[in-house]
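The structure appears below as structure tokens.
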2 protein chains.
Amino acid sequence: MTATDTRTRLVLTAMQLFRDKGYNSTSVADVLHSAGLNSGSLYHFFPGKQDLLLAVLDAYHGGIGPLLLEPAWQGVSDPIERVFALLAAYRRALATSECGYACPIGSLALELHEPDRAVRERLAANFTAWIQAVQDCLEDAGARLPRDINRRELAAFVLTTMEGAVMQARTYRELASFDAAVRQLRDYFQRLQRAAAPRRGRVRKSSSRRKRS
Amino acid sequence: MTATDTRTRLVLTAMQLFRDKGYNSTSVADVLHSAGLNSGSLYHFFPGKQDLLLAVLDAYHGGIGPLLLEPAWQGVSDPIERVFALLAAYRRALATSECGYACPIGSLALELHEPDRAVRERLAANFTAWIQAVQDCLEDAGARLPRDINRRELAAFVLTTMEGAVMQARTYRELASFDAAVRQLRDYFQRLQRAAAPRRGRVRKSSSRRKRS
DNA sequence: GTCTATACCCTGATAGAC
DNA sequence: GTCTATCAGGGTATAGAC
């Protein structure tokens with residue numbers, strides 16, 4: 001058990017607890033107990049609880065690619081379908097938690113009411129990386145979306161939808177709330193694609209019309 | 001100072017503090033200090049802190065009409081514009097708080113990770129009343145929206161947008177994030193209205209085309 | 001109904017042996 | 001680097017006088 005192992009264990013444990021119980025409702029003792037460690041270890045690596053939070057936020061940021069996007073995009077190459085595959089990953093998280101899941105970043109963003117600059121910057125960085133990934137998809141979609149649609153704003157709107165949808169599904173404890181929101185977003189995308197398609201052929205590229213809504 | 005005054009003062013004070021600092025970060029002592037009361041008064045009216053929260057949630061529920069919708073809809077009669085006037089009210093709340101504002105219901109929904117049934121029901125009731133108000137607008141819009149669009153789902157999607165947009169504006173501390181989301185929703189609505197309009201005359205009812213984006 | 005005083009627990013964090 | 005023991009403060013809630 002090297003030093004990095006202990007540090008990593010603390011971060012991973014805190015990640016889980018902050019996600020499941022929230023930051024304020026997770027005590028340092030909770031983290032130590034779950035990690036099977038003692039007070040001295042934590043304060044050896046971190047000056048205080050908030051610094052543990054910073055490490056957790058950095059871990060989320062680093063994990064967006066390998067732990068979120070890559071699994072979600074397994075076998076999905078169509079850029080627009082990737083956007084909805086990402087949303088489907090959140091749906092799975094809701095489904096396997098009886099709708100107890102909440103986006104950990106979004107939850108922290110609302111739970112921490114006067115966060116330090118360092119915390120806020122990391123929350124924002126997580127959102128930005130998520131939005132950028134979706135924006136890349138939208139740019140890959142090229143002419144399938146109207147030229148005058150701002151890709152970044154639309155990508156941010158996908159995040160907006162995900163966060164709002166997760167919030168409602170969690171509150172109602174019903175997957176249907178999430179599905180309804182995604183259905184609306186899908187409808188919006190379909191209208192955008194229809195508007196971008198050449199006037200004559202209705203919806204071009206039948207390969208872009210697939211399963212899912 | 002009658003009994004109800006004290007109780008009301010407690011609820012109003014708690015409303016403000018829970019909104020500004022969150023539930024867990026607001027101590028009973030905070031509430032008592034801000035209300036200028038002592039411990040005995042609070043526990044005379046409420047068995048505990050959580051019961052105060054229930055009263056706060058009931059107050060929000062009761063206030064949706066007079067404190068949220070009516071001010072937001074002052075001088076706005078067009079049902080679709082009312083939807084966006086409601087969003088504009090949230091924009092004002094963000095603007096006057098340097099983007100520190102967060103929807104109190106949404107924040108509680110994410111902050112409280114294992115809420116009692118009573119709490120969850122009241123959170124859901126608040127969302128439901130909000131959605132219903134928007135749904136009423138959408139139904140008033142009648143044929144201006146496509147027939148096959150589910151009014152309730154679209155209304156819930158407006159809530160989704162508001163919550164996600166407030167969350168991002170708060171995280172980035174930038175009104176622009178909120179505006180971008182509303183712009184996307186507006187675009188979606190315009191496409192819906194265009195799809196609902198008779199083929200010949202482009203957008204019918206020039207009275208429905210007004211200021212605002 | 002409202003006050004003061006206080007019980008009792010859990011919090012984040014520290015000290016110092018090993 | 002990790003342990004045990006502990007501190008000082010704040011948390012919710014209660015007791016009982018007025």
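Quick caveat, the model's predicted, so the values are computed rather than measured. Just so it is clear: chains get the letters A, B, ... in the order the sequence lines come, proteins before strands, and each one is counted from 1. Both backbone and side-chain heavy atoms feed into the values below; hydrogens, waters and symmetry mates do not.
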When B:G36 and A:K49 are each assigned the nearest nucleotide of DNA chain C, the 5'-most assignment goes to B:G36

Rounding to a whole Å, what distance do you find between A:F46:CZ and D:dG1:C1'? 14 Å

For C:dG1, does either OP1 or OP2 sit under 4.0 Å from a side-chain N or O belonging to B:S41? no

Answer yes or no: is there an ion pair linking B:R183 with B:D179, defined by an N-O contact shorter than 4.0 Å? no

Taking the inter-plane angle between the rings of A:Y188 and B:Y188 on a 0 to 90° scale, is it parallel (under 30°), tilted (30 to 60°) or perpendicular (over 60°)? tilted

Any B:N38 side-chain N or O less than 4.0 Å from OP1/OP2 of C:dT4: yes

Quick check on C:dG1: is either OP1 or OP2 less than 4.0 Å from any side-chain nitrogen or oxygen of B:H44? yes

Pick base, sugar-phosphate or nothing for B:S25, based on heavy-atom distances below 4.0 Å to the nucleic acid. nothing

A:L42 CG to D:dT4 P: how many Å, rounded? 15 Å

Under 4.0 angstrom between B:Y43 side-chain N/O and D:dT14 OP1 or OP2: no

Round to the nearest Å and state the distance from A:K21 atom NZ to C:dC10 atom P. 12 Å

CG of A:L53 versus P of C:dT11: gap in Å, rounded? 17 Å

Measure the distance from CG on A:L10 to P on C:dG12 and round it to the nearest whole Å. 14 Å

What about B:F84 and B:F189, are their ring centers closer than 6.0 Å? yes

Does B:S39 get its side chain close enough to the base of C:dT4, under 3.5 Å, for a donor-acceptor pair? no

Could you state the atom-to-atom distance from CG of A:L32 to P of C:dT11 in whole Å? 11 Å

Short side-chain N/O contact from A:S27 to OP1 or OP2 of C:dC10, under 4.0 Å: no

A:R120 side chain to A:A118 main-chain N or O, any donor-acceptor pair under 3.5 Å? no

What integer distance in Å separates A:D51:CG from C:dT14:P? 11 Å

Rounded to the Å, how far apart are B:L37 CG and C:dT4 P? 11 Å

More than 12 heavy atoms from other groups under 6.0 Å of CD on A:E114: no

